[in-house]
*Asks:* 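This structure is in structure tokens; I'll ask about it shortly.
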Amino acid sequence: MKLPDVLEYVVLDYSNSKFKTTLSSLGIIIGVIAIVVLLSVGEGLQAGVSGAFGELELDTIIVMPGGQMAHTQRQAVKAPAKLTDRDINIIESTAGVRSAAPRNQLYASIQYRDRGSAASVVSISPTKEAVLADSIESGRFLMKSDVYSVVVGHDIAEIAFDAKLHPGMHLTLFEESGEKQEYTIVGILEEWGAGSLFGDPDNQLFVTHAGLQGLADYDSYSQILVKANSVENVEEIANNVDKALSRIHRNEAYAILTLKSFSEAITGVFTMIKYTLAGIGAISLLVGGIGITNVMMLTVKDRVREIGVMKAVGATRTDVRLTFLLESSLLGLVSGVIGIALGAGISLLIGQLGNFPIVVTWSTLLLGLAFGVLTTTVAGVYPANQASKLDPIEALGYE
Amino acid sequence: MTTIVDVVNVDKTYRMGTVDVPALRDVNITINDGEFISIMGPSGSGKSTLMNLIGCLDRPTSGDIIIRGRNVNKLSDNELAHLRGKEVGFVFQTFNLIPRMDALRNVELPMIYQELSRAERKAKAKKLLIDVGLGDRMHHKPMELSGGERQRVAIARALANDPTILLADEPTGNLDTKTGAEILSLFKKLNDDGRTIITVTHDPEIAGYSERIIRLRDGKIVGEKYES
Ligand SMILES: Nc1ncnc2c1ncn2[C@@H]1O[C@H](COP(=O)(O)OP(=O)(O)OP(=O)(O)O)[C@@H](O)[C@H]1O
Ligand SMILES: [Mg+2]
């Protein structure tokens with residue numbers, strides 16, 4: 001029996017029993033929808049997380065004073081390390097390090113004319129903050145020689161005060177202890193959108209280290225952002241940095257974090273969530289598959305006489321098996337196509353209504369389709385075999 | 001005259017639970033090309049059983065069935081199905097058409113399993129339907145046809161692969177006398193064209209048409225009569 005003829009037979013059969021067939025495919029359609037929607041939601045969650053990390057780049061190593069807790073009671077709590085320019089030099093001369101950018105940070109009240117607000121003020125070394133420097137929207141970025149100059153995050157400039165802030169305006173900052181200092185706005189940053197591990201640049205002010213001294217006395221840094229020269233070796237480079245620092249901070253505590261390990265851990269969790277969701281979809285497919293087996297068994301039973309006729313006019317076992325198996329697979333293909341179309345639609349709708357990140361990928365759709373076809377094909381094996389084994393005379397109703 | 005079917009020492013026993021039901025005992029028949037044979041006998045005498053064996057729908061319990069030199073016992077299930085599709089055309093008392101398919105498609109079916117091309121089998125099926133007088137009923141489904149028309153579709157289908165033997169198990173049993181007579185003359189015509197026909201019948205009139213009558217009783221051949 002030729003394949004096109006089997007197909008023709010199957011299609012003919014479908015057009016004769018549309019209702020029953022459609023009803024029976026509902027389980028598969030629902031299963032495929034579930035797989036597509038759940039995978040898309042999972043993919044969306046994952047993309048959201050990687051997106052947040054993407055901005056920061058995975059080549060970043062963070063060095064902070066203190067941080068490490070005493071693991072046991074016996075172990076004395078170490079004093080936090082003082083991170084200074086000496087550490088910057090040591091880190092920058094470590095193999096694999098491209099740059100080390102020190103930062104400090106405090107929370108301050110902002111006054112513009114007679115209006116007040118508050119934000120965190122971050123002090124930076126302008127030459128080492130290429131990413132920030134690249135995101136200037138208007139005005140200019142900070143320069144090494146700047147003292148009482150400030151670069152303003154997007155949201156503060158746009159919405160914190162009645163008037164939009166522009167380069168050239170003056171802001172007065174108040175530190176908790178009462179110190180105050182007037183700064184001149186030199187630049188405004190573009191919108192970053194998603195926040196980052198370092199906070200949310202849209203709601204921060206940036207000044208030079210010298211500039212921050214106007215509000216508080218700092219003799220060390222609260223954070224050093226180290227850029228490694230390759231993402232692959234970032235863990236190894238972090239170890240090198242650790243070794244170099246441990247020599248001069250023997251009895252002091254500091255912490256070294258890599259974003260890569262952090263992001264991998266989180267990505268791992270989301271991958272797990274994603275496949276758990278897909279697993280739920282797979283279970284609904286399994287249930288659908290059992291439904292299909294039942295329907296195919298009924299179909300075979302309905303057509304015992306017909307199978308007898310097929311055999312009497314020369315159909316081999318293989319012909320009969322192929323016919324029923326293909327009928328089942330085709331049911332899966334049609335249901336699968338309907339399922340992925342509806343699934344994609346529902347996913348996008350959920351994304352719209354829930355304002356939720358949803359990512360529908362081709363591989364998700366293909367996976368949904370493949371599972372649909374696979375399920376119905378497997379579901380058809382047993383009924384097709386039963387059909388092929390029928391004895392022609394008995395099937396003809398003992399002629 | 002060439003022998004096309006040889007039935008040699010055939011026994012057929014059905015097993016019903018623990019009881020053996022003998023349906024045929026030591027049957028020997030030789031059928032030659034172009035013969036028109038009637039098989040007669042009381043109900044339960046084994047007529048249908050014999051037809052099914054000759055038609056390769058079943059295998060003997062012992063003995064040999066040889067169709068055109070090929071021993072049925074030595075063929076696999078798939079080979080047997082092929083032989084059946086190619087060498088045998090069956091006409092059943094209850095027609096056994098597929099209700100979901102129209103007349104044309106029903107006649108095409110045997111050719112699908114012999115892997116004829118689509119165009120070839122459509123043309124052949126049309127010609128056969130015209131030959132049996134159903135040129136204007138090709139797209140009717142069995143439910144939309146009369147009994148006699150259905151039987152003619154079944155005959156067209158049986159002839160689809162140009163079989164060596166046409167087997168008909170009580171082909172007029174479900175038809176009224178007049179329609180039965182029409183079917184009968186169709187068989188006669190086919191036989192005149194050289195087709196070998198074996199038919200089971202209770203009707204002495206049909207038997208009258210045939211060249212040889214084989215009588216069965218309790219699974220045994222009890223008489224063989226050649227008409228002139
Ligand atoms: N599948 C079967 N299982 C058990 N016994 C069977 C089977 N088929 C036939 N028989 C038995 O074999 C014997 C012959 O049956 P068969 O159908 O060949 O008779 P028949 O001559 O065609 O009768 P009828 O004129 O009523 O059609 C009967 O006794 C019948 O009961
Ligand atoms: Mg019978």
Side-chain angles (χ1 to χ4, degrees), chain A residues 1-21 295-296 298-327 330 384-399, chain B residues 12 14 47-49 51-53 55-59 76-102 105-118 121 141-142 154 157-161 163 167-170 173 200:
Chain A
M1 194 175 184
K2 290 181 191 163
L3 205 62
D5 294 327
V6 186
L7 276 174
E8 196 181 342
Y9 175 92
V10 168
V11 170
L12 175 95
D13 180 57
Y14 179 72
S15 58
N16 269 283
S17 52
K18 272 183 213 111
F19 182 70
K20 195 186 77 186
T21 314
V295 168
M296 289 305 293
L298 279 180
T299 307
V300 169
K301 215 172 161 186
D302 274 357
R303 278 195 236 152
V304 165
R305 219 182 148 80
E306 187 175 318
I307 294 164
V309 174
M310 288 161 76
K311 289 198 156 183
V313 301
T316 60
R317 277 188 181 196
T318 318
D319 291 331
V320 175
R321 186 182 299 127
L322 197 70
T323 303
F324 282 89
L325 206 57
L326 215 76
E327 175 155 353
L330 214 68
N385 251 332
Q386 295 300 102
S388 77
K389 277 195 236 156
L390 283 177
D391 180 72
I393 298 169
E394 277 172 31
L396 284 172
Y398 176 43
E399 269 291 330
Chain B
K12 178 72 188 179
Y14 292 105
K47 306 182 293 292
S48 295
T49 305
M51 291 291 267
N52 291 340
L53 289 175
C56 304
L57 281 172
D58 206 353
R59 295 172 193 265
S76 72
D77 280 0
N78 276 354
E79 286 169 329
L80 194 65
H82 266 294
L83 184 71
R84 170 162 73 226
K86 217 169 131 37
E87 307 289 357
V88 182
F90 248 108
V91 179
F92 301 92
Q93 178 175 358
T94 52
F95 322 132
N96 278 329
L97 299 174
I98 294 182
R100 303 182 289 124
M101 300 178 181
D102 64 14
R105 182 95 194 151
N106 265 289
V107 178
E108 278 181 63
L109 198 62
M111 296 185 269
I112 288 177
Y113 299 118
Q114 298 300 320
E115 309 207 328
L116 260 72
S117 79
R118 198 184 151 83
R121 66 171 200 251
K141 293 199 174 160
R157 182 182 64 189
L159 294 171
N161 288 325
L167 296 171
D169 194 345
E170 299 188 47
V200 167

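Chain letters run A, B, ... following the sequence lines, proteins first and then strands; every chain starts at 1. The structure presented is a predicted model; accordingly, all values stated were derived computationally and were not measured.
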*Asks:* Would you say A:Arg305 and B:Thr94 are linked by a side-chain donor-acceptor pair, where the criterion is simply a distance under 3.5 Å?
*Replies:*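 A:Arg305 and B:Thr94 do have a side-chain donor-acceptor pair below 3.5 Å.
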*Asks:* For B:Asp58, give me all partners under salt bridge (Lys or Arg N to Asp or Glu O under 4.0 Å), at least two apart in sequence or on another chain.
*Replies:*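 Expected list: B:Lys12.
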*Asks:* Side chain, backbone, both or neither: which part of B:Leu57 has an atom under 4.5 Å from a heavy atom of chain A?
*Replies:*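 The answer is both parts of B:Leu57.
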*Asks:* Quick one: salt bridge (charged side-chain N to carboxylate O under 4.0 Å, His left out) pairs with a partner in residues 317-326 of chain A, sequence neighbours left out?
*Replies:*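 As it turns out, the salt bridge (charged side-chain N to carboxylate O under 4.0 Å, His left out) pairs with a partner in residues 317-326 of chain A, which skip direct neighbours, are A:Arg317-B:Asp77.
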*Asks:* To the closest 0.5 Å, what do you measure between CZ (B:Arg157) and CD1 (B:Ile98)?
*Replies:*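 Those atoms lie 7.0 Å apart.
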*Asks:* Count the heavy-atom pairs under 4.5 Å between each of B:Pro99, B:Gly55, B:Ala81, B:Gly85 and chain A, then report the option with the highest count.
*Replies:*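 The option with the most such pairs is B:Ala81.
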*Asks:* Which answer fits B:Leu83, side chain, backbone, both or neither, if we ask what part of it has an atom under 4.5 Å from a heavy atom of chain A?
*Replies:*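 Neither part; nothing is under 4.5 Å.
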